[in-house]
Chemist: 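Attaching a single structure in structure tokens format; questions to follow.
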2 protein chains.
Amino acid sequence: MFTLDQLRCFVAVAEELHFGRAADRLRMTQPPLSRQIQRLEEILGVVLLERDNRRVALTEAGRAFLRESHGILAGVSRAPETAREVAAGRRGILRIGFTAMSAYSVLSGILSALDEKLPSVRVELEELVTGPQKDGIVDGSLDLGIARPPFDPDTFGSHRLFTEDLVLAVPSDHPLASATRPPASDQLAQEHLIMHSATKAWYFHDLAARVLPFDHARAVHTVSQVATIMALVAAGRGIGFVPESARALGVDGVALVPLGKPVRGVVELYAIWHRESTNPALHRALEILRSPEGFL
Amino acid sequence: MFTLDQLRCFVAVAEELHFGRAADRLRMTQPPLSRQIQRLEEILGVVLLERDNRRVALTEAGRAFLRESHGILAGVSRAPETAREVAAGRRGILRIGFTAMSAYSVLSGILSALDEKLPSVRVELEELVTGPQKDGIVDGSLDLGIARPPFDPDTFGSHRLFTEDLVLAVPSDHPLASATRPPASDQLAQEHLIMHSATKAWYFHDLAARVLPFDHARAVHTVSQVATIMALVAAGRGIGFVPESARALGVDGVALVPLGKPVRGVVELYAIWHRESTNPALHRALEILRSPEGFL
DNA sequence: CGTCATTACGGAATGCGTAATGATA
DNA sequence: TATCATTACGCATTCCGTAATGACG
């Protein structure tokens, strides 16, 4: 089979149509150039250049081979740069898992920052709750998760992206909506409570339970999505705890009431990744997420 | 710069993820394979394979470089075959010039035959009268012409493709249209004659003049295209000489009247080419045009 | 101690450059 | 006779294969 050097020799001669000038361009002398062309033709079994002692011209086959050669050499010069860019994390694929609610807080800022700082990194997104995100990171199908704590620090690296308050979602016409002070426990005790699922949304479930010890019997619905709580509250089925970013959902007929100091900043969102990931694009992305100016 | 051998080595290892099996597949021993990979990584300045004594895995950069390598090697294996096919005339470009009238006789048959016998030869068509076809063939912008004689046999190779009769185009309601015998010279002498241009369509001009010595004063129009003659005859402006294939134009109100023995087969159409053309596709095409079964 | 990647070393082949040849205008 | 591609030859480099080494389970 022919070599890349033979290709480069042929391209030079084909473009110069002169062995002397081609050799000059290749920083070599004519004789080895001549032999490389001969050898290439011999290997191919095709005459590429019609030449006598006065004139050099391409045959039709030579023209076709020249086109192919250009393509090959273009690939050859592109390949190392591509590999280096991937190795440096400036190019590649970053598969990100995110919780539905993060789309209303940090996600768009993260995506904009990645787009700006790592334009050649392709980002693939998948909406998943925290559990499946961890699974995906462990089995390698995800590079980065945007998820709720806690995480096993032995397998996951993590970085806190965002904290927000837990607030109370009540119907707009409810007395609590126009109260000037945070509601007291005994005020809440009288309300129907729309709870998060203890299995599918245990993060919010546990958070709410920690903030307000409550009687499970009063839970009128058990849902897994924040947006569903908002809809049920709007429908007058009860009240519920939601993160403040639920405000971005813009559900009519729902007011979000602050709960006071104990729940200030208790809702956390983390970036998580596999500690042993070798994806360079991930590490570049983490630098950006951790940088002082952040991603907003 | 790296070599194709290094690429092949890398691809084998990347696909097998095992130096021993890869070396086996490449019909070589492990040590040189190991060194080739090391050398490739050194040249690129990038780690392509994560390996310890038990496990071989691709890095992200390695995955990217593997994709590029596949592309390069595909080009490398395609290029020689392409060159050989072009050299054999089974692939390439054939630029054909043709006269407008040939589109009503032989052209479509020729194109079908080329399409069938030389499917990988791309045919480019240009409608030109004989003069410019010759120019194009001489300066190399055309490979094949479909033109009217004569040709200088020193520069042009030629092959007669088609002969047809010269016929008389008359209005359908003209007495000559319903005559049972070819018109005599004195009958024609009384008619207005629509003549071909002596410069742009000298072939038909001379042909008509040879068949029927006539008085130039009686020429009422001078046109360069057969189709124009047909239109003028239909409009009742006179009569004219046209090749029989003008019937395919299907102009209403025009009857084509035979002229008798002296003009049987006098209209000729030739394939012409440069005697020194080196385009292999041309020679394959000529084999087809000259073959007994022809191109119809 | 067996497996598998890597290093060490000797021999063969490939490819360069200089010098000579040949062919053409 | 000048130009330009090609052949001849000597030297350096590269690369293979065999043998030895080293690390890990």
Side-chain angles (χ1 to χ4, degrees), chain A residues 1-59 61-63 65-66 69 72-73 76 80 276 278, chain B residues 1-59 61-62 65-66 69 73 76 80 276 278:
Chain A
M1 187 57 65
F2 56 84
T3 69
L4 290 174
D5 281 333
Q6 285 159 2
L7 246 50
R8 291 193 193 95
C9 289
F10 168 68
V11 168
V13 176
E15 289 180 354
E16 298 285 348
L17 292 177
H18 188 288
F19 278 71
R21 284 193 298 274
D24 218 27
R25 186 166 125 182
L26 294 165
R27 313 281 176 84
M28 63 193 294
T29 54
Q30 291 93 330
L33 176 58
S34 218
R35 270 177 321 212
Q36 290 284 39
I37 300 294
Q38 288 167 30
R39 182 140 181 68
L40 179 59
E41 291 182 322
E42 183 188 332
I43 288 167
L44 297 176
V46 169
V47 177
L48 299 173
L49 292 159
E50 207 69 68
R51 51 199 186 276
D52 53 32
N53 290 359
R54 220 64 196 169
R55 213 173 50 95
V56 176
L58 277 168
T59 63
R63 256 184 286 279
F65 194 73
L66 178 60
S69 300
I72 292 168
L73 292 178
V76 166
E276 288 167 12
T278 56
Chain B
M1 188 55 68
F2 56 85
T3 69
L4 290 175
D5 281 334
Q6 284 159 2
L7 246 50
R8 291 192 194 93
C9 288
F10 168 67
V11 168
V13 175
E15 288 179 355
E16 299 285 349
L17 291 177
H18 189 287
F19 278 72
R21 284 194 297 273
D24 217 30
R25 185 166 125 184
L26 293 164
R27 313 280 177 84
M28 65 193 293
T29 55
Q30 292 94 327
L33 175 58
S34 217
R35 269 178 320 215
Q36 291 283 38
I37 300 294
Q38 288 168 30
R39 183 143 179 66
L40 178 60
E41 290 182 322
E42 182 188 335
I43 289 167
L44 296 177
V46 169
V47 177
L48 299 173
L49 293 160
E50 206 71 65
R51 50 200 188 277
D52 53 30
N53 291 359
R54 220 67 196 167
R55 212 174 49 97
V56 176
L58 277 168
T59 63
F65 194 73
L66 179 60
S69 300
L73 292 178
V76 165
E276 289 168 11
T278 56

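Quick note: numbers below take in every heavy atom, side chains included, and nothing from hydrogens, waters or symmetry partners. Throughout, a chain's letter reflects where its sequence line sits, starting with A, and its residues are numbered from 1. Values in this document were obtained by computation on a predicted structure and should not be read as measured data.
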Chemist: Can you sort out which residues in residues 16-30 of chain B have a heavy atom within less than 4.0 Å of DNA chain C? Ascending by number, please.
Modeler: B:His18, B:Phe19, B:Gly20, B:Gln30
Chemist: Is there a side-chain contact between A:Val46 and A:Phe65 in this structure, where contact means two heavy atoms from C-beta onward sitting under 4.5 Å apart?
Modeler: no
Chemist: Do A:Arg39 and A:Ile43 touch side chain to side chain, with heavy atoms closer than 4.5 Å?
Modeler: yes
Chemist: Could you give the CD-to-C1' distance, from B:Gln38 to D:dT14, as a whole number of Å?
Modeler: 15 Å
Chemist: Would you confirm whether A:Gln6, through its side chain, and A:Thr3, through its main-chain N or O, come within 3.5 Å as a donor-acceptor pair?
Modeler: yes
Chemist: Measure the distance from CD on B:Glu50 to P on C:dC4 and round it to the nearest whole Å.
Modeler: 19 Å
Chemist: For residues A:Phe2 and B:Leu4, report the shortest heavy-atom separation together with the two atoms involved.
Modeler: O-CD1, 3.5 Å
Chemist: Round to a whole Å and report the spacing from CG of A:Leu40 to P of D:dT6.
Modeler: 13 Å
Chemist: Determine yes or no for a side-chain-to-main-chain donor-acceptor pair under 3.5 angstrom, with A:Thr59 supplying the side chain and A:Leu49 the backbone.
Modeler: no
Chemist: Between atom CD in B:Glu42 and atom P in D:dC15, what is the gap in whole Å?
Modeler: 11 Å
Chemist: Compare all side-chain heavy atoms of A:Asp5 with those of A:Met28 and state whether any distance is below 4.5 angstrom.
Modeler: no
Chemist: Rounded to the nearest angstrom, tell me the gap between atom CZ in B:Arg51 and atom P in C:dC4.
Modeler: 16 Å
Chemist: Rounded to the nearest angstrom, tell me the gap between atom CG in A:Leu49 and atom C1' in D:dT6.
Modeler: 14 Å
Chemist: Of the options C:dT6, C:dA5, D:dT7, whose atoms approach the side-chain atoms of B:Val56 most closely?
Modeler: C:dA5
Chemist: Counting side-chain heavy atoms from C-beta on, which of D:dT7, C:dG15, D:dC15 comes nearest to A:Pro31?
Modeler: D:dT7
Chemist: Do A:Leu33 and A:Val13 come close enough that some side-chain heavy atom pair is under 4.5 Å?
Modeler: yes
Chemist: Report the distance from atom CG of B:Leu33 to atom P of C:dA5, rounded to the nearest whole Å.
Modeler: 9 Å
Chemist: Can you tell which of D:dT6, C:dA5, C:dG15 lies closest to the side chain of A:Arg39?
Modeler: C:dG15
Chemist: Send over the distance from B:Arg35 CZ to D:dC16 P, rounded to a whole Å.
Modeler: 7 Å
